[in-house]
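The structure under discussion appears below in the form of structure tokens.
Just follow the structure's listing: the first ligand is 1, and inside any ligand the first atom is 1. These values consider heavy atoms only, across backbone and side chains, with no hydrogens, waters or symmetry-generated copies.
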Amino acid sequence: MLSFLRSRSCFVLLSALVVAVLIAIRLFTSWIGDLPSQGEGVASTALLIAMVAGCALVLVAGLFLARKRCVEGLPDSRCLWGVTLLGVLCAVSCSMLPRHEMSALPLLILLTTGAFCLLWSLLRSLSLMFWWVFFSLEIAQIAGYTQYGSRINSLVIAETMEASAEEVTGYLSSINVAIALSSLVGSVVLCWLMARVMRRCQNRLPLLNAGLFFMLLAGLLGLAIPPAQRHARHFWPCFEIYSLTHACVEAIFHNQETIRRVENLHSPAEQPSSLHTLRGGEGVVLVVHIGESIRADRMSVNGYERDTTPWLRQCPRLINFPRCVSAACDTCQAQIAILTDARRDIYEKDPSLQPHTGSVLDLFAAHGFRIFAFFGKRNATHLKYDLVVRLLTRCAEQKNHAPGSPWTSVPQMAAVLRSLPKGQNTILFINNEGSHTPFFHYDHDNPPFQPAGSTFETPSSHAMEVNNAYDNTVHYTDEFVRRVTSLLQGRPWLYLYISDHGEYLGHDGIWGRAALGESGRDYLSTTGCYVGAFFISSPELEKLHPHFAESLRALQSHTGMLIAQEHIFHTLLGFFDLRTPWYNPALDLTSPNPKSYTGRHPEQTK
Ligand SMILES: [Zn+2]
């Protein structure tokens with residue numbers, strides 16, 4: 001009796017019996033549950049049937065081959081029990097699923113155990129390398145999800161690739177370092193256990209058969225889940241491995257593809273163009289400021305109850321657009337939508353909405369404007385993703401980086417303006433960290449909203465501090481604009497501000513942009529897509545040419561419109577009456593009858 005209990009046959013019978021009971025329970029509960037049949041599971045049913053049939057066939061062949069070679073068909077029972085216990089340990093400690101769906105645990109255990117056996121039989125101890133990375137990622141993912149509500153998806157990876165060293169350090173708290181270390185240590189312990197268990201299963205063929213046996217049981221159990229309830233996440237770790245790889249590939253491909261598309265755009269200045277308002281020597285300064293992460297509804301100038309934009313609110317020459325939709329939740333794509341003739345994000349399928357030409361700044365450079373770019377401390381420096389803005393500002397003769405926070409670039413601008421010959425028409429292109437996470441750039445000596453904190457551990461439980469920090473950054477930008485415009489006193493100037501994308505501080509039930517993917521919401525269906533956008537001008541500009549006065553009047557009359565980043569390219573051309581074949585009057589807010597934005601946005605009736 002005891003020898004039977006220790007035998008392989010006992011293990012096989014017992015595990016088959018447990019699975020049979022689980023299948024019976026599944027079928028019974030779904031039968032009494034009267035579940036709606038959605039037909040969604042058709043594809044996965046076919047896949048599961050193929051998996052069951054495939055495993056069964058190869059298993060029979062494997063057992064037959066073992067018999068021919070006079071070896072045991074399966075590893076000994078100690079190895080089988082050991083690997084099963086390891087499967088239980090890993091499924092419980094490394095997968096998020098049992099925390100929400102306990103009923104998925106048996107399937108997870110079978111798949112995990114099967115995957116251990118199959119990979120070890122094929123790669124031996126080399127498979128530990130794979131499992132070590134996988135376990136570390138999964139443990140870190142559970143901790144990350146608990147804190148930030150976001151899983152590792154392509155947006156998180158792309159965001160990480162985009163993040164400056166400063167932003168990364170914002171997340172380097174002691175608790176995060178402890179999590180990273182414990183996930184590494186935890187994964188080392190699991191791998192050490194695996195190596196110990198697998199030492200008993202030296203023969204590859206029995207181990208391969210065992211892997212197929214576990215996968216066969218998993219396939220049968222998976223089939224017992226009604227298609228309407230079946231989800232890819234139930235097939236951890238197989239699906240998880242697929243989705244992590246897919247997220248990495250998508251993030252890298254996305255980056256490469258975005259950069260490639262911008263590189264391939266021809267300059268609009270290659271086509272003949274003419275400037276009808278300026279002849280050179282007027283000393284006009286055009287400021288093009290692409291802001292960072294400013295939601296329209298967090299500016300008091302747009303009705304936010306906190307006075308985050310006190311200067312703008314009282315600025316007599318402000319032309320404010322409270323309803324401006326940004327093209328994408330991604331900085332680079334927004335920069336493309338602002339500076340080129342792109343009308344949506346560059347992955348929009350309709351070719352007419354994609355960019356056809358390069359940066360509008362090139363056209364101004366072709367007509368005698370000298371262009372100076374002012375970036376943040378770190379952005380547009382060396383990261384590959386920052387290449388997009390560097391490409392779009394290629395025509396800038398000088399690129400400056402703020403030595404400290406964005407305010408420190410104001411003296412640099414003053415120095416540039418002083419060095420220019422009198423009457424030089426100039427563009428100051430500004431793109432700094434603004435209100436990007438970790439919401440660090442504000443006046444720390446005199447923060448208007450307190451207590452403010454930029455730690456991102458469970459932001460929902462630090463809602464007040466995080467919101468205060470964010471509002472402080474908006475207040476800081478308001479003061480930044482005041483400082484820059486005060487440098488321009490006495491000159492004819494136009495200041496354009498538009499933020500790249502919004503941010504989520506619990507809005508739409510989302511905390512942080514990276515959690516957007518996890519929320520399952522489409523960016524353009526959330527309030528995060530409305531961004532700050534305004535123009536300010538000097539009276540001297542209006543006096544310079546009647547066209548400018550006319551343009552300002554037209555702009556002012558269209559502030560109630562729903563606009564988008566697609567309007568900027570054409571509005572800048574229209575404002576200066578810069579004629580080029582790329583100009584579209586329907587998207588020029590200074591023309592008499594511009595068309596409002598018709599793309600997706602939250603107010604849309606579906
Ligand atoms: Zn951004």
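A salt bridge between R260 and E263 is absent, with no side-chain N of the basic residue lying under 4.0 Å from a carboxylate O of the acidic one. Note on R323 versus E603: salt bridge recorded, some NZ/NE/NH1/NH2 to OD/OE distance being below 4.0 Å.
Coordination check, S293 versus the Zn ion (ligand 1): failed, since every N/O/S atom of the residue sits at 2.8 Å or beyond. The Zn ion (ligand 1) has an N, O or S atom of H501 under 2.8 Å away, backbone or side chain.
Remark: at the Zn ion (ligand 1), atom OD2 from D500 and atom OG1 from T331 enclose 100°, rounded to the nearest 10 degrees.
With sequence neighbours left out, the ring pair (Phe, Tyr, Trp, His ring centres under 6.0 Å) criterion links H289 to F480, Y495, Y497.
For residues 576-587, the pairs satisfying salt bridge (Lys or Arg N to Asp or Glu O under 4.0 Å) are D577-R579, with sequence neighbours left out.
Taking the Zn ion (ligand 1) as reference, E292 places its N/O/S atom OE2 nearest.
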